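For this chain, numbers begin at 1 and follow the sequence in order. What you see is a predicted model, and the numbers here were worked out from it, not measured in a lab.
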Amino acid sequence: MKKIDRNSSIFGSDEYKKDRNQFHIIELSLFSKDLLLYSDEENYLICRGQVGRPVWVWTVDGINKNTMNEVAEIITEQYLTEDTKCKLTAKREFYTFLKEVAYPYLNDDYFEMGSLECRQVKQPRKCDGYSKKAVIDDIKTLAKYWYADYQEMTPLSSITLQRAEEEIKAMLETDNLWIWRNAQDKIVCMVHYRIVGSQVKLSHVYTPEEERRKGYAANLIHDVTKMLLEMNLEPLLYTDYHYIASNQAYKNAGYEETGVLINFSCSIR
């Protein structure tokens, strides 16, 4: 193994390119000033974009146990510290290996994250309203939604309303934040996207609880995805694999499952 940079030959390998969209966060991280990459340039790639951010572990399918053990040793030596919890994302195969060998730093948390991508949109069930790009006047409403989303999805790492407003403002400044307004002109759904090369990751999809199951999310995703495809981009996103209602909204807009990744954490203490 060795420390590598973004010009490594592994990014051009057939095995990595096969999984490139599913491991899109690695692509997002490559230009970070704090980038930390390790690889044998054949079987695995371990990436962290910034200190405190999740570590992404890509491995070839069918990787042998000796090589997986090498990956585990690199994580221990290069990514774990005594005073922090290290979050990781990897294929199920690697997580299962850590469980089987009783990797001593593995925590109990476990989350199955689905990956989806779209090559051709489908028209979902029509609903009232229309999509449009968010503007600064929408910031208060969207900050409340973003705060509520944190409360619902990650209550242990909740943010303040002030922090939510700051993050929404940052999204607005990218010019890539879109909303759906219903027939009463109420904002009922939001989505943000980020473009890196030919790939574009959709995220921050949120519909307030009282407006769900009305088709708003599927229609907003459809409109934004259609626009991105017409720009010759590759739309993709991550989701809670077991959140059936949310996943169906994406599928109704033309997204297809590309696999499941495991989110988990390790810590020395």
Could you grab the distance from atom [atom1] of [X] to atom [atom2] of [Y], nearest 0.5 Å is fine?
X: Leu35; Y: Arg6; atom1: CG; atom2: CZ; answer: 8.0 Å
X: Ile195; Y: Leu28; atom1: CD1; atom2: CG; answer: 11.5 Å
X: Thr225; Y: Lys122; atom1: OG1; atom2: NZ; answer: 12.5 Å
X: Lys140; Y: Glu165; atom1: NZ; atom2: CD; answer: 3.5 Å
X: Asp40; Y: Thr59; atom1: CG; atom2: OG1; answer: 11.0 Å
X: Glu211; Y: Lys186; atom1: CD; atom2: NZ; answer: 4.0 Å

Can you confirm whether more than 12 heavy atoms, excluding those of [X], are under 6.0 Å from its [atom1] atom?
X: Tyr241; atom1: OH; result: no
X: Lys169; atom1: NZ; result: no
X: Gln120; atom1: CD; result: no
X: Glu256; atom1: CD; result: no
X: Lys99; atom1: NZ; result: no
X: Asp14; atom1: CG; result: no

Side-chain heavy atoms nearer than 4.5 Å, only ILVMFWY residues, links allowed to pass through others: does that put [X] and [Y] together?
X: Phe23; Y: Leu237; result: no
X: Phe97; Y: Leu45; result: yes
X: Ile179; Y: Ile221; result: no
X: Leu116; Y: Leu229; result: no
X: Ile63; Y: Ile26; result: yes

Hey, are the side chains of [X] and [Y] touching, using non-hydrogen atoms and a 4.5 Å cut-off?
X: Phe94; Y: Ile75; result: yes
X: Ser115; Y: Leu236; result: no
X: Ile10; Y: Trp58; result: yes
X: Lys214; Y: Thr207; result: no
X: Ser198; Y: Asn232; result: no
X: Lys87; Y: Asn263; result: no
X: Tyr145; Y: Ile187; result: yes
X: Cys86; Y: Tyr105; result: no

Mind listing the closest non-hydrogen atom pair of [X] and [Y] along with its distance?
X: Trp180; Y: Asp128; result: NE1-O, 2.9 Å
X: Val60; Y: Lys91; result: C-NZ, 4.1 Å
X: Ala253; Y: Ala218; result: CB-O, 3.7 Å
X: Val191; Y: Leu177; result: O-CD1, 3.4 Å
X: Leu30; Y: Phe11; result: CD2-CZ, 3.7 Å
X: Glu152; Y: Tyr206; result: OE1-CE1, 4.0 Å

Q.
side-chain hydrogen bond (donor to acceptor under 3.5 Å, both in side chains) for Thr258 and Gln22? Distances and angles first, verdict last.
A. CA-CA 7 Å; Thr258 55; Gln22 192 176 22; 4.9 Å; no

Report the relative orientation of the aromatic rings in [X] and [Y]; use parallel for angles under 30°, tilted for 30 to 60°, perpendicular for over 60°.
X: Tyr95; Y: Tyr110; answer: tilted
X: Tyr255; Y: Tyr250; answer: perpendicular
X: Trp56; Y: Tyr238; answer: tilted

Notebook entry, point to check: Under the side chain to side chain contact (heavy atoms under 4.5 Å, CB included) criterion, do Lys251 and Glu257 qualify, and how do the steps go?
Noted result: CA-CA 8 Å; Lys251 293 177 182 178; Glu257 291 184 9; 2.8 Å; yes

Is there a donor-acceptor pair under 3.5 Å between the side chain of [X] and the backbone N or O of [Y]?
X: Tyr79; Y: Leu36; result: yes
X: Asn107; Y: Phe264; result: no
X: Asp5; Y: Asn7; result: yes

Exactly one candidate in Lys201, Arg20, Arg119 meets salt bridge (charged side-chain N to carboxylate O under 4.0 Å, His left out) with Glu234; the answer is Arg20

Next on the checklist: Checking Asn219 against Tyr130 for the side-chain hydrogen bond (donor to acceptor under 3.5 Å, both in side chains) test, could you report, in this order, the C-alpha distance in whole Å, the side-chain angles of both residues, the deciding distance, and whether it holds?
Outcome noted: CA-CA 8 Å; Asn219 278 271; Tyr130 59 97; over 6 Å; no

Working for side-chain hydrogen bond (donor to acceptor under 3.5 Å, both in side chains), residues Glu70 and Asn66 | CA-CA 6 Å; Glu70 181 178 324; Asn66 286 338; over 6 Å; no

Between Lys226 and Glu230, does at least one N-O distance fall below 4.0 Å, as a salt bridge requires?
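Counted as a salt bridge, because a side-chain N and a carboxylate O are separated by less than 4.0 Å.
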
Output yes when Asp34 and Arg53 qualify as a salt bridge under the 4.0 Å nitrogen-oxygen rule, no when they do not.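 Judged by the 4.0 Å cut-off on N to carboxylate O distance, Asp34 and Arg53 do not form a salt bridge.
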
Result for side chain to side chain donor-acceptor pair (under 3.5 Å) between Trp146 and one of Glu167, Gln151, Glu166 points to Glu167

Go through it in stages, so that I can follow the logic: the residues are Ile74 and Tyr44, the test is side chain to side chain contact (heavy atoms under 4.5 Å, CB included), and I'd like the CA-CA distance, side-chain angles, deciding distance and then a yes or no. CA-CA 11 Å; Ile74 296 171; Tyr44 63 82; 3.4 Å; yes

task: List the steps, then state whether side chain to side chain contact (heavy atoms under 4.5 Å, CB included) holds for Asn252 with Arg125.
output: CA-CA 8 Å; Asn252 288 344; Arg125 172 175 57 89; over 6 Å; no

Should Arg181 and Asp138 be marked as a side chain to side chain contact (heavy atoms under 4.5 Å, CB included) after you check the CA-CA gap, both sets of side-chain angles, and the distance that decides it?
CA-CA 11 Å; Arg181 287 185 176 274; Asp138 303 323; 2.8 Å; yes

